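Have a look at the structure below before the remarks.
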Amino acid sequence: MPSYNHLEIEPKWQEAWAEGAEKAEGTKAAGDPLYLLTMFPYPSGSGLHVGHVESYTAVDIVARKKRMEGHDVLFPMGFDAFGLPAENYAIKTGVHPAETTDKAMANFKRQFRSLGFSFDWSRELSTADPAYYKWTQWMFLLFYKNDLAYRAKAPVNWCDGCVTVLANEQVVDGKCDRCSTAVVQKDLEQWFFRITKYADRLLAGIETVDWPERIKTMQRNWIGRSEGVEVEFRGVKGEMVGEIGAERVHEAEFSIPVFTTRIDTLFGVSYVVLAPEHPLVDALTTIENREAVVAYRDQARKKSELERTQLEKDKAGVFIGTYAKHPLTGEEVPIWISDYVLVNYGTGAVMGVPAHDDRDFIFANKYSLPIRQVIAPPVGVEHDLAVAAYTLDGLLVNSSAFDGLTSAEGKNMIATAVESAGKGKRVTNYHLRDWLVSRQRYWGAPIPMTWCETCGVQPVEPSALPVVLPRDVDFLPTGKSPLVNSVTFHNVVCPKCGGPARRECDTMDTFVDSSWYYLRYVDSTNKEVFAEPEALKKWCPVDLYVGGAEHAVMHLLYARFFSYALHDLGYVDFEEPFLKLRNQGLILGPDGEKMSKSRGNVVNPDEVIEQYGADALRLYEMFMGPLEDAKPWDTSGIVGVRRFLDKVWMMRERVVEAKNVDATRAVHKTIKKVSEDIDGMKFNTAISAMMICANALHVAETIPRDAYESFVKILATFAPHLGEEIWHDLGNASSVFDESWPTYDATLLVDDLVAIAVQVNGKLRGTIEMDPTSNEKDVQDRAMATENVAKFVEGNEIVKVIYVPGRLINIVVK
RNA sequence: GGGCGAGUGGCGGAAUGGUAUACGCGCGGGACUCAAAAUCCCGUGUCCGCAAGGGCAUGAGGGUUCGAGUCCCUCCUCGCCCACCA
């Protein structure tokens, strides 16, 4: 059998490596530290996915190469261990999440080991470990003290399926990201992180990092900065009934601020719309219209976010019976409410300009409100306002003194006019909202706050951390945190007055845990601080971060917020946490569909390792295609890489101490190509290059020992077990990974003869073998001497000749 | 509706503006074998041709260039993301 026994050699080397386990700081004193990181997994009960294998293998290859090049490499692994699946499993079966999670983590570690990943296990962490979440809670307190964490009552997203509130980022298409239940809005008092304070810097920072453009765009859109003017519609008149605070209001002057990015269309306003939830609605609605307004508002409130957005095109509303004054003309404009205006963006009110906004156009037509043109399309552009709104820039018309200006000029001058009239100001708005971090669930880090009857909410003293998650709870979700009914948890005194107090029962969003884990790895066992400043300085920020694109606006944005905040508070000396980011593409099932249990197209890495070996699996996943592309799994493809590995294995029997220039040359070319491809993370073409080399060595009479050893060194980063096995079989006593990365001799990269393509008028008519340093005339003479070339040139005039040295000659004839 | 990608053999895919289809899978033929598996060798875009060779091919159509899968314009299809943000 010309085949190596992976069942024997893989476990053998895994055991040997475990003894001299991989450490970030060790044999290589050279320094130049590199921090390579993959997104840590949630320890799911179903174990490692082939998608994990892809990203971890990719970074493992880079880590091994960089170590061999003399770098100190930090390549850690841990577990994002808090989360809903384990808790939901507990609800169903009664098995405690801690138990489920411990079991899953043990299984993951077994699988990691069976794949030969060179993680530094001395730094392992789990976010569910009190020694870890002590510092998550510490960060919460730090943010609280610095006004970056606060409690507020606000309309929040509520999921009835998960029985908890959700962050904005966890609502997808109006549905819960996790269970797809339609999300409803509730007014609740919750804990928030003030991420909006960093909106501008998070936006600017994106420009400084080496991330996929796609992810950068998504973050820019999510932050959603837009510049405009907040302008006031004052002098709201009419008969007022309503209450503001406890006071009954009869006649008063109110002002409605609206936000617009199109202040150039100010003279086209024909009405103002408030969101149904707008606080002024109660105070402004007249008696005659009250019934209709209240009915409309109740109906809007009952709709889920999903229903409200699905009825996108249908714009309905109610006139509240009152008028406001236009800020510049003083003209009276009617005030409406409609749920096409969002209460939590801008001021919760907009000015209606039907001629130049699609939504206002629909609304105005429905209720026969005036459509007044104030922007004329540029010359040569036809537009019919009877059919649709004109929403592009143009020239101002019907705008009093501003007529004739371009939209850009108009924006500027009207903004200035509004400002000098004291009726408004230029403002910047963001789509980004503060991050809602409290959850009414069990399996997370408790929020380190207490409630005292006399002192109100008080932070736990940092010295009293961690606030340990109690075990005596009932998991069944009730809409309140399961911690509420714990007997042991609430036995606490107020940190301020010493009187009786209760603990905060909500836990933190698990994205809080994962927002800073990369900082903990640099000093993961420290009991005094989350990490020593020297350790942070040595390793951070992360040089290379690899993970899935699904975290674009969640984990990756939150983690950036954390590092900016910690930077400002003096704990880290950098702002951007991840200098270079790459996303691995999805590995699809053999049917080309996303792998899922329900579809039954899930590939289990354990089975592939059993049948083909870990090295073959690693190599195959790297060979499938570009790291960032989605690629379908094809089991028959693995046999190709396994054949390649067997071929390399069998070659060791033909190794000799003699020289063989052709073989050496093939290896040196491969060293160059593979070195460049690993640095560029083009693993598929690196493997292709190694296959080409193996095919060359395969037909070579003999294989010089030094060339073969170099080849084994580079292959070992991809196939560590086989690499180590061959290395020892060749008589070497130490590990192949203690070797230096091979270098190539540039003089060996050039062949004595190269094939030069001969074209006539750009069409290939033959190839000739020439010395690559030949001059143009020699090449042309040889080309012309070729029968087939002569045939096409003959009888024509040679207009010009293009010669690309060593590659191609093109004879242009007429 | 907006934004960003991508369309290359039977399949996964390769190609600093310079020999399109590398590498691998699959398939066909051969060697070895009593036979099979494994392995090895040869072939494999398409059409015409015995061959030499030639025509046509990188979603479609134009353009720039000595030369275009690659650059530019128009269009088609697919994927992903965002989506009443005023």
Side-chain angles (χ1 to χ4, degrees), chain A residues 1-3 172-174 212-218 220-222 224-226 228 258-262 265 273 308-315 338-342 344-353 356-360 362-363 391 429-433 549-550 552-553 585-586 592 619-620 623-626 628-641 643-644 646-647 650 682 684-692 694-695 698-699 755-767 787-788 791 799-813:
Chain A
M1 270 291 142
S3 179
V172 177
D173 281 340
E213 204 47 50
R214 211 162 48 98
I215 304 292
K216 290 179 158 192
T217 305
M218 283 166 73
R220 283 186 207 109
N221 291 344
W222 191 262
R225 180 191 160 99
S226 71
V258 305
F259 175 73
T260 179
T261 56
R262 289 301 304 271
T265 65
V273 205
R308 269 168 84 150
T309 51
Q310 270 181 352
L311 299 168
E312 218 169 283
K313 296 296 162 211
D314 181 39
K315 310 260 175 282
S338 172
D339 68 2
Y340 86 84
V341 177
L342 308 173
N344 51 3
Y345 184 77
T347 62
V350 303
M351 60 186 207
V353 185
H356 306 293
D357 181 279
D358 292 328
R359 296 152 299 189
D360 298 344
I362 294 167
F363 194 78
T391 58
N429 267 319
Y430 299 89
H431 171 243
L432 184 71
R433 307 292 149 75
E550 68 274 18
V553 290
L586 274 187
L619 214 63
Y620 173 63
F623 187 58
M624 289 171 84
E628 313 217 359
D629 288 7
K631 305 162 283 273
W633 183 270
D634 175 14
T635 299
S636 67
I638 303 175
V639 306
V641 294
R643 279 177 197 152
F644 160 69
D646 282 329
K647 193 183 275 186
M650 293 311 292
K682 289 163 25 176
N684 54 332
T685 51
I687 292 168
S688 159
M690 289 190 284
M691 285 173 166
I692 291 168
N695 291 341
H698 184 71
V699 298
I756 294 175
V758 181
Q759 297 182 336
V760 178
N761 285 350
K763 278 194 188 289
L764 185 70
R765 296 304 177 189
T767 58
E787 192 187 337
N788 199 47
K791 191 171 92 187
V799 184
K800 70 166 139 176
V801 176
I802 284 116
Y803 177 52
V804 184
R807 294 197 62 90
L808 165 146
I809 185 163
N810 186 13
I811 300 164
V812 184
V813 301

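Sequence lines set the chain letters: A, B, ... in the order given, protein chains first and strands last, and positions in each chain run from 1. A quick note: this is a predicted structure, and the numbers were derived from the prediction, not measured.
- Look at the P atom in both B/rA20 and B/rU33: the space between them is 43 Å, to the nearest Å.
- One finds no side-chain N or O of A/His356 lying less than 4.0 angstrom from the OP1 or OP2 phosphate oxygen of B/rA86.
- Between A/Arg214 and the phosphate of B/rG79, there is no side-chain N or O to OP1/OP2 separation shorter than 4.0 Å.
- Rounded to whole Å, the P atom of B/rA60 lies 15 Å from the corresponding atom of B/rA68.
- Here A/Asn221 does not reach the OP1 or OP2 of B/rG2: none of its side-chain N or O atoms lies under 4.0 Å away.
- Taken together, the paired segments of RNA chain B that extend over three or more consecutive Watson-Crick or G-U pairs, each closer than 3.5 Å at both contacts, are B:1-7 with B:76-82, B:10-12 with B:23-25, B:26-31 with B:39-44, B:45-48 with B:53-56, B:59-63 with B:71-75.
- For A/Asp339, the listed nucleotide lying nearest its side chain is B/rC84; candidates were B/rC84, B/rG3, B/rA86.
- The listed nucleotides are B/rA22, B/rC40, B/rA83; the one nearest the side chain of A/Ser688 is B/rA22.
- Counting all heavy atoms, side chain and backbone alike, A/Tyr430 lies closest to A/Tyr345 at O-CE1, 3.4 Å.
- Phosphate proximity of B/rA86 to A/Tyr345: present, with a side-chain N or O under 4.0 Å from OP1 or OP2.
- Of the candidate nucleotides B/rC25, B/rG55, B/rA86, B/rG55 has the atom lying nearest to any side-chain atom of A/Arg765.
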Distances under 3.5 Å only, N/O to N/O: pair up the protein atoms with those of nucleotides 13-20 of chain B.
residue : atom : partner  : partner atom : Å
B/rA14  : OP1  : A/Asn684 : ND2          : 2.9
B/rG18  : O2'  : A/Arg807 : NE           : 3.0
B/rU19  : OP2  : A/Arg807 : NH2          : 2.9
B/rU19  : O4   : A/Ala755 : O            : 2.9

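- Nucleotides B/rG18 and B/rG12 have their C1' atoms positioned 27 Å apart, rounded to a whole Å.
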